[in-house]
Amino acid sequence: MYDPKSLIAEEFIDHQEILESLAYAEAHKDDKELIESLLQKAAPKKTEQGISCAGLSHREASVLLACEDPEVLERMYALAEEIKLQFYGKRIVIFAPLYLSNYCINGCLYCPYHSCNRHIPRKKLTQEEIRAEVTALQDTGHKRLAIEAGEDPVHNPIEYILESIDTIYSIKHKNGAIRRVNVNIAATTVENYRKLKEAGIGTYILFQETYHKESYRRLHPTGPKSNYAYHTEAHDRAMQGGVDDVGLGVLFGLELYKYELCGLLMHAEHLEAAFGVGPHTISVPRVKPADGIDPAAFDNGISDETFARLCALIRIAVPYTGMIISTRESQAVREKVLRLGVSQISGASRTTVGGYTEEQRPTDTEQFNVSDQRSLDEVIRWLMEAGHIPSFCTACYREGRTGDRFMSLCKTGQIQNCCQPNALITLKEYLMDYAAPDTRKVGEALIAAELENVGHEKVRRLAREHLAAIEEGRRDFRF
Ligand code: SAM
C-alpha cells in the first residue's frame, strides 16, 4: 500500500503506484488543459517573502515526461531555465570525486569494481597516499570533494572512512584546503551515519541505481547491496543518524527512464513527508563503458535528448534540490544541461584510486570512462565564457545551514544573499591562487560585473571588502 510517510521501502516506492502513475501519464499525455495547468503550477510565483515554486508530484511530472508535443518540450526547457536562474542564479558549484578504495564485495553487474572482476588491480589508499592526492587536488584549486569507495567491511570499514575524512580536513597546503567532504559509500547503519556526521561530512550521497525492485535484484545478484530494502531505506537511516543533507540518484540506462523518474520523485516526496526535508541533491549518472562493462548490455540507454528532458523535469519538479552532473558526460552534454537546471559539476575528475598523483590519466582502476577530460582551469574558463559563475563555496554547511534550515532559506529566496557573494569570493580565491593568466582576466571582469547583482547593499559593501582582503593575501571569508 503506497504511503510516502512509511519507513518501509516497498511502501514509499510502491511498484503499483508507479505503474498507475505511468498509465495515468500515458492516458493524459495529450490532455492540453491538464498540461497547461501543470506548467502554470510549476512556474515561479511572487510571494510576500520573495519568489516561490510549487514543484510537481511524481504523477504530474510523469505526464509532462510522456507528452511528446515539441512546443510543450520547449516550454518545459524555458521553465527549467527560469527556475534555475531564479533559485540558483548563474552559479555552478565545483567539486571533485576522490576514490579511496576499489575493494568491493558486491556483484553489481554495471560496475567494474564488482567482486568477480579478477583482472583489475585492487587498491586502497593509505593515509599518506590520501595526503598526496588531496595536496594534488588542492594545487588545482578544489575545495570540495566527494569521497568514493567500494563496499568491503574488511578493507574499507567505517573506521577507515572516518580516518580518511580526518586526514583530508587536516591538510593545509599553501592556500589550499578541503572545506567540505561529501560521502558516497555503501548503505550503512544509523550508528555509522552518526559517526560520519560527527566527522563533519557535508552530504551523504547514495544512488539507488534503479527503483525497479526486480531489476535491482537482477543487477545486484550478490553482496550486501543486493538487499533492496536496506539500500532504499539508507537515506532514512542517515537522517536518523543526524545527516540532514542527503543525495539521491538513479543510474540511467539500467531500467526504463519513465519508471526511474517516477521512483526518484517518490523518494524525494518520501523524505519530505517523513523528515520534513527533501533531498539536498539529485545526481543523474548514465551507465558508461568501463573494464568489462558495455552500457549496451543494459537495453535501456537514453539519448542525449531524453537525458536533457529528464534534467529539465527534475529541475521543475523539485526546484529546491541541487542537481549534480559528473564528468561521465561530455562537454557538449554538460553545456546543454547546465542551462536546464544543473547546479553542481565535477571537474578534472580522475575515477581511479590514486589517479590525481599520476602524471598521465591512468585507466587501470577506473570506475567509469571519463568523457570530459579537461583540466580544472579549462572547465572554469569554459563555465565563465558560457555565462556561468563557478563557485567553490562551502559556506552553508560550515555555518550550520543544513537540512530544513537550508531548505527554508532556499524556499524564501533569502539564500541568494549568501550564495552570490560567496560564489564571487571563492572564485576570487581561485583566480588569485590557481588560475592561468587568461582565465584570471575573464574571471576578474565577471566578478566586477556580478558584484552589481548582489541585491543587498550592506552585503555588496562587505563582499567588496572581502575581495580586497583576498587580493592582499587573506582567505576564507564567507556569508
Ligand atoms: N560502493 C558505493 C555504492 O555502491 O553505492 C559507492 C558508490 S560507487 C563508487 C559510485 C557510483 O558509480 C555507483 O553508485 C554507480 O551508480 C556508479 N557507477 C558504477 N558503475 C558505473 C558505470 N559503469 N558507469 C557509470 N556509473 C557507474
Side-chain angles (χ1 to χ4, degrees), residues 97-127 129-130 133 145-165 168 181-189 192-193 195-196 201 204-210 215-235 237-238 247 249-251 253-254 283 285-295 297-298 326 328 346 349-356 362-370:
L98 174 61
Y99 282 76
L100 295 180
S101 166
N102 64 359
Y103 282 95
C104 194
I105 58 169
N106 286 315
C108 316
L109 298 189
Y110 47 82
C111 180
Y113 293 174
H114 66 83
S115 58
C116 299
N117 190 349
R118 304 257 178 256
H119 56 90
I120 56 161
R122 297 287 167 173
K123 196 169 169 186
K124 166 187 169 181
L125 298 179
T126 63
Q127 298 306 308
E129 287 168 329
I130 291 174
E133 287 278 294
L145 299 185
I147 56 173
E148 313 271 341
E151 179 165 16
D152 186 324
V154 174
H155 287 97
N156 319 329
I158 193 71
E159 290 72 24
Y160 169 68
I161 304 291
L162 296 170
E163 190 187 359
S164 305
I165 295 170
I168 295 168
V181 177
N182 295 334
V183 172
N184 183 5
I185 60 165
T188 185
T189 59
N192 285 347
Y193 286 122
K195 290 178 183 167
L196 288 169
I201 69 161
Y204 170 68
I205 298 164
L206 183 70
F207 301 161
Q208 179 63 29
E209 322 298 6
T210 175
S215 300
Y216 185 95
R217 283 199 179 131
R218 189 172 39 76
L219 291 158
H220 304 94
T222 54
K225 193 165 168 177
S226 59
N227 185 336
Y228 176 86
Y230 190 74
H231 187 82
T232 312
E233 292 158 10
H235 303 83
R237 290 194 300 280
V250 158
L251 186 53
L254 300 178
S283 300
R286 283 195 280 186
V287 187
K288 292 287 163 182
D291 184 277
I293 309 293
D294 176 6
F298 300 103
S326 74
R328 288 175 182 87
S346 47
S349 304
R350 299 237 163 140
T351 62
T352 43
V353 181
Y356 292 108
T363 53
D364 58 345
T365 62
E366 205 168 40
Q367 200 203 7
F368 53 83
N369 292 4
V370 169

Compare every heavy atom of P112 with every heavy atom of D291, then report the nearest pair and how far apart it is. O-CB, 3.6 Å
For a quick test of reading the model, state the closest non-hydrogen atom pair linking I130 to Y160 and the distance between them. CD1-OH, 4.1 Å
Do you know which two heavy atoms are closest between P221 and G107, and how far apart they sit? CD-O, 3.3 Å
Side chain to side chain contact (heavy atoms under 4.5 Å, CB included) between C108 and K225, worked out: CA-CA 8 Å; C108 316; K225 193 165 168 177; 3.8 Å; yes
I185 vs Y204, side chain to side chain contact (heavy atoms under 4.5 Å, CB included): CA-CA, chis, key distance, verdict: CA-CA 8 Å; I185 60 165; Y204 170 68; 4.1 Å; yes
Is the shortest heavy-atom distance from the side chain of L125 to the side chain of S101 under 4.5 Å? no
Assess whether salt bridge (charged side-chain N to carboxylate O under 4.0 Å, His left out) is satisfied between E366 and R350, documenting all intermediate values. CA-CA 8 Å; E366 205 168 40; R350 299 237 163 140; over 6 Å; no
Look at the side chain of S115 and the backbone N and O of C104, then say whether any donor-acceptor pair between them is shorter than 3.5 Å. no
With distance as the sole test, does T189 use its side chain to make a donor-acceptor pair with the main-chain N or O of N192 at under 3.5 Å? yes
Hey, what do you get for CG (D152) to CG (N106), rounding to the nearest 0.5 Å? 9.5 Å
Residues two or more places apart in sequence or in another chain: which of them pass salt bridge (charged side-chain N to carboxylate O under 4.0 Å, His left out) with R328? none
Taking all heavy atoms of Y99 and all of T352, pick out the closest pair and write down the distance. CB-O, 3.7 Å
Cation over ring face, R237 and Y230, 6.0 Å, 45°: yes
Looking at Y216 versus H231, is the centre-to-centre ring distance below 6.0 Å? yes
For H235 together with Y193, are the ring centres under 6.0 Å from each other? no
Rounded to the nearest 0.5 Å, what separation is found between the CD atom of E148 and the CG atom of L100? 8.5 Å
Would you say that N182 contacts L145 through its side chain, given a criterion of any heavy-atom pair below 4.5 Å between the two side chains? no
Walk me through whether F207 and L251 qualify under side chain to side chain contact (heavy atoms under 4.5 Å, CB included). CA-CA 7 Å; F207 301 161; L251 186 53; 5.8 Å; no
For T126, does its backbone N or O pair with a side-chain atom of E129 as donor and acceptor, under 3.5 Å? yes
For I147, is there any backbone N or O sitting under 3.5 Å from a side-chain donor or acceptor partner on N184? no
Criterion side chain to side chain contact (heavy atoms under 4.5 Å, CB included) on L109 and L254, from CA distance to verdict: CA-CA 10 Å; L109 298 189; L254 300 178; over 6 Å; no
Might you point out which heavy atoms bring N102 and K123 nearest each other, and give the distance in Å? OD1-N, 2.7 Å
Could you state the interatomic distance from CZ (R217) to OG (S226), rounded to the nearest 0.5 Å? 9.0 Å
